[in-house]
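Here the structure is laid out as structure tokens; the discussion comes afterwards.
All of these numbers come straight from a predicted model, not from anything done at the bench. Residue numbers start from 1 in every chain, and the chains themselves are labelled A, B, ... in the order their sequence lines are given, proteins ahead of strands. When reading the values below, keep in mind they use all heavy atoms of this one structure, side chains included, and skip hydrogens, waters and symmetry mates.
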Amino acid sequence: MPELPEVEATRLSFVDRISGAGIVSAWCGKPLRWPLGTAPVRLVGRTVRGVRRRGKYLLMDLDQGLLLLHLGMSGSLSFGAALQPRGAHDHFELLTSRGTLRLNDPRRFGAVVWAPDQDAPLARKLLGGLGVEPLSEDFDATGFHAALKTRKSAIKQVLLVGDVVVGVGNIYASEALFLAGIRPTLSAARLSRPRAEKLRAAIREVLGRALAAGGTTLRNYSNAAGERGNFQFEAQVYGREGQPCRVCGTAIKAIRQGQRATFFCPNCQKT
DNA sequence: AAAAGCCCCTGGATGC
DNA sequence: TGCATCCAGGGGCTTT
């Protein structure tokens, strides 16, 4: 589910409300990606300083240490004073002085990790290999083009791996490549400088528009205030196999790349 | 170092 | 209704 726009929309929906809160208790249900170990004990009594985002990770800064949260494929957060009773797929909960933060994640691909600081071994392992933030100034055409030149695999795959640029998942990879007029199977190394620039601009535009729409809700996603996204109604190619391209009318094609679905317009994305 | 597969897990849709 | 199969917003880990 959650790609950069959903994670950022989630962050924005509770960062101001939780900042300054004191942690009263912590609870975990079924194990997520990594065992929390003694983390719940360490969390009690801490104060939430803020919540940042890096790629698809949320970093909750505490007065001592930090909490890394990842929503995986099916995770969503909720934060509020009067939450419903815990459901079968609620697997982590923080009771704070300003409300309860809860992680719901049916597939449990998500993660909650405590680290003493951002340079701790596990934090480094998770965050260290991440590429540039696509909405930051650091995402420049020269660096992007240079990085792509070292990759022979398909451009769609390179975007998904996230070691060149972060935050672009399966929906927005297809959408950005459509906007840039680039065939998803094209080797990344074969992108010309102008086309790399066009893709860079397309990624920023797609992610920006999706964020403005509150993200994409295919099934479960909602932000921490319970609001669903609307970008699925703006998608040009994702999930539209066989339907006419909104630009030229050609039937949208679906293929598989690395066990994931890719959607594109064979006419608008010829090469 | 890069690339390709595998796997984690649950639930919904589809087909027989 | 029941059961099998396939698919799903991710990404870490292992093997080539």
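Residue A:Gln259 has a polar side-chain atom (N or O) positioned under 4.0 Å from OP1 or OP2 of B:dC6. The side chain of A:Lys125 contributes an N or O atom lying less than 4.0 Å from OP1 or OP2 of C:dC13. Checking the phosphate oxygens (OP1, OP2) of C:dG10, a side-chain nitrogen or oxygen of A:Arg260 falls inside 4.0 Å. Residue A:His70 has a polar side-chain atom (N or O) positioned under 4.0 Å from OP1 or OP2 of C:dG11.
The separation of C:dG11 from B:dG11, taken at their P atoms, amounts to 22 Å, rounded to a whole angstrom.
Looking at A:Arg54 and A:Glu133, a side-chain N of the basic residue comes within less than 4.0 Å of a carboxylate O on the acidic one, giving a salt bridge. Using a 4.0 Å cut-off between charged side-chain N and carboxylate O, A:Asp61 and A:Arg52 make a salt bridge. With salt bridges taken as basic N to acidic carboxylate O contacts below 4.0 Å, none links A:Arg200 and A:Glu197.
Nucleotides of DNA chain B nearest to A:Arg33 and A:His89 differ in position, and the one nearer the 5' end is that of A:Arg33.
Residue A:Arg108 has its side chain nearest to B:dT10 when only C:dG12, B:dT10, C:dG11 are considered.
A:Tyr172 comes within 4.0 angstrom of nothing in the nucleic acid, heavy atoms only. Residue A:Arg219 is in base contact, counting any heavy-atom pair closer than 4.0 Å across all strands shown.
Relative ring orientation between A:His70 and A:Tyr57 is described as perpendicular, the plane-to-plane angle rising above 60° on a 0-90° scale split at 30° and 60°.
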